[in-house]
Amino acid sequence: MTNIDEDGLVAGIELGGTKAIALAARGREVLAMERIPTTTPDATLAAIEDRLSAWQAEHGRVAAIGIASFGPVGLDRARPDYGHITSTPKPGWRQVDLVGRFAARFGVPIGFDTDVAGAALAEHRWGAGQGDRVLVYLTVGTGVGSGVLVDGEPVHGLIHPELGHLRVRRAPGDAFAGICPFHGDCLEGLVSGPAIAARAGRPGDRVGDGDPLWDEVAGEMAEAVAALMLTLSPQRILIGGGVFQARGWLFDRLRARAAELLGGYLAGIGAAELADIVVPPGLGAMAGPLGAVALAYRA
């Protein structure tokens with residue numbers, strides 16, 4: 001891995017399940033950015049390549065490209081599926097070789113990781129996670145994604161952390177089966193945007209702030225936060241994504257419940273202290289796109 005000076009021109013690709021964001025940047029300075037619908041692999045990736053080529057003609061050759069992708073993805077360089085999207089349920093995208101395609105087209109180093117790990121790197125580099133030795137990033141939207149950094153490095157093992165598929169304790173009497181096609185009532189199956197809509201019987205943006213459903217969502221997220229505090233001991237847990245972006249008041253409910261669940265076991269860590277630990281991303285909606293830029297600088 002070679003770190004590129006932030007004066008260098010790089011390109012980033014945040015590849016999401018419904019849209020991709022391509023950008024050219026020098027450090028945090030975004031020179032150009034475009035949103036592209038995620039349709040078929042060939043159509044989507046060709047459109048991104050065309051944008052990057054046009055920007056190179058305007059701004060000069062990029063030193064590296066960062067790809068922050070929906071997953072699961074292959075991150076073990078010793079395996080033949082490195083650089084690929086692997087077991088995604090998104091039709092047509094299984095075993096798509098992202099790194100190989102862009103390396104062949106542009107001939108520059110490619111930084112590659114999950115979209116959420118990329119966002120965590122951006123927050124560690126420029127945002128709310130600066131200086132944190134252990135940082136967890138959760139995004140709660142269409143799904144629940146996660147990234148974990150230790151000393152600024154994404155945690156990789158067999159694959160990458162999938163904290164959204166943890167099982168959490170349920171509120172007594174809650175019989176909702178969950179919507180995850182793999183696990184039913186894992187965290188993603190309970191608190192993602194589609195899960196909230198399924199529980200409420202209507203879109204989440206039509207569920208009023210006083211609906212008791214939000215207490216269940218906050219409680220289930222608190223179960224996950226308490227488990228992460230006890231297992232990873234993070235200095236920061238950043239929670240992004242559409243569900244929490246639209247309802248900042250959920251943070252207070254989540255923190256209060258997480259403090260109850262911890263039961264005073266972590267000395268000096270109560271709801272007031274969790275207000276500095278469990279927070280929104282400092283970069284807001286730009287955490288994801290800048291995550292791809294951060295990966296380029298680590299290429």
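Under the 4.5 Å side-chain contact rule for hydrophobic residues, I179 and V168 share a cluster. L163 and V150 end up in the same hydrophobic cluster when Ile, Leu, Val, Met, Phe, Trp and Tyr side chains are linked at under 4.5 Å. By the rule that hydrophobic residues join a cluster once side-chain heavy atoms approach within less than 4.5 Å of another member, Y137 and V140 end up as members of separate clusters. L149 and I67 are assigned to two separate hydrophobic clusters, defined by single-linkage of ILVMFWY side chains at heavy-atom distances under 4.5 Å. No chain of hydrophobic side-chain contacts below 4.5 Å, direct or via other Ile, Leu, Val, Met, Phe, Trp or Tyr residues, connects L261 to I239.
Atom CD1 of residue I65 and atom CD1 of residue I110 lie 4.0 Å apart, to the nearest 0.5 angstrom. Note that CD of E162 and NE2 of H160 are 5.0 Å apart. Values are rounded to the nearest 0.5 Å. To the nearest 0.5 angstrom, I237 atom CD1 is 8.0 Å from L232 atom CG. The line from CZ of R51 to CZ of R35 is 14.5 Å long, rounded to the nearest 0.5 Å. Expressed to the nearest 0.5 Å, how far CG of L52 lies from CZ of R105 amounts to 8.5 Å. One finds the CZ atom of F106 at 5.5 Å from the CD atom of E49 (value rounded to the nearest 0.5 Å).
Taking all atoms of both residues into account, the shortest heavy-atom contact from W214 to L250 is O-CD2, 3.9 Å. Pairing each heavy atom of V10 with each of A296, the nearest pair is CB-CB, 3.7 Å. Residue Q95 comes nearest to D81 through the heavy atom pair OE1-CB, 4.1 Å, listed as atom of the first residue, atom of the second, then distance. Nearest heavy atom pair, residue A287 against residue E123, reads CB-OE2, 3.6 Å. What you find for A259 and A271 is that their closest heavy atoms are CB-N, 3.6 Å. Of all non-hydrogen atoms in G164 and S146, the two that sit nearest each other are N-OG, 4.4 Å.
Between E34 and I48, the closest side-chain pair of non-hydrogen atoms is not below 4.5 Å. In this structure, L31 and L9 have side chains that are in contact, with non-hydrogen atoms separated by less than 4.5 Å. By the 4.5 Å heavy-atom criterion applied to side chains, D115 and S69 are not counted as neighbours. Side-chain atoms of L15 and I85, non-hydrogen and from C-beta on, do get closer than 4.5 Å to each other. Counting heavy atoms from C-beta on, the side chains of R170 and L190 come closer than 4.5 Å. Contact of the M229 side chain with the V225 side chain is registered, since non-hydrogen atoms from C-beta on lie closer than 4.5 Å. V108 is not listed as a side-chain neighbour of F102, based on a closest heavy-atom distance of 4.5 Å or more. A 4.5 Å side-chain heavy-atom check between D215 and R257 finds every atom pair outside the cut-off.
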Side chain to side chain contact (heavy atoms under 4.5 Å, CB included) between D113 and H156, intermediate numbers included: CA-CA 10 Å; D113 215 305; H156 297 159; 2.7 Å; yes

Working for side chain to side chain contact (heavy atoms under 4.5 Å, CB included), residues I159 and T86: CA-CA 10 Å; I159 51 166; T86 57; 6.0 Å; no

Stepwise side chain to side chain contact (heavy atoms under 4.5 Å, CB included) check, V243 with I196: CA-CA 9 Å; V243 171; I196 290 168; 3.8 Å; yes

Full working for side chain to side chain contact (heavy atoms under 4.5 Å, CB included) between L187 and M221: CA-CA 7 Å; L187 190 64; M221 285 294 296; 4.1 Å; yes

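When the ring pair (Phe, Tyr, Trp, His ring centres under 6.0 Å) test is applied to H165, the partners found at least two apart in sequence or on another chain are H183. Considering only residues two or more places apart in sequence or on other chains, E216 meets the side-chain hydrogen bond (donor to acceptor under 3.5 Å, both in side chains) condition with R199.
Here D7 does not pair with R26 in a salt bridge; the nearest charged N to carboxylate O distance is not below 4.0 Å. A salt bridge does not link D276 with R255: every distance from a Lys NZ or Arg NE/NH1/NH2 to an Asp or Glu carboxylate oxygen is 4.0 Å or more. Between D209 and R247, no side-chain nitrogen of the basic residue sits less than 4.0 Å from a carboxylate oxygen of the acidic one, so the salt-bridge criterion is not met.
No more than 12 heavy atoms of other residues, nucleotides or ligands shown are found within 6.0 angstrom of NZ on K19. At most 12 heavy atoms of other shown residues, nucleotides or ligands fall within 6.0 angstrom of atom CZ in R169.
The main-chain N or O of G16 is found under 3.5 Å from a side-chain atom of T38 such that the two form a donor-acceptor pair. With hydrogens and angles ignored, the 3.5 Å screen pairs a side-chain donor or acceptor of W93 with a backbone N or O of T39. Between the H84 side chain and the Y82 main chain, a donor and an acceptor come within less than 3.5 Å of each other. In this structure, E29 contributes its side chain and A25 its backbone to no donor-acceptor pair below 3.5 Å.
Partner L228 forms a side chain to side chain contact (heavy atoms under 4.5 Å, CB included) with one of V134, V148, L138, V278 and no other, that one being L138.
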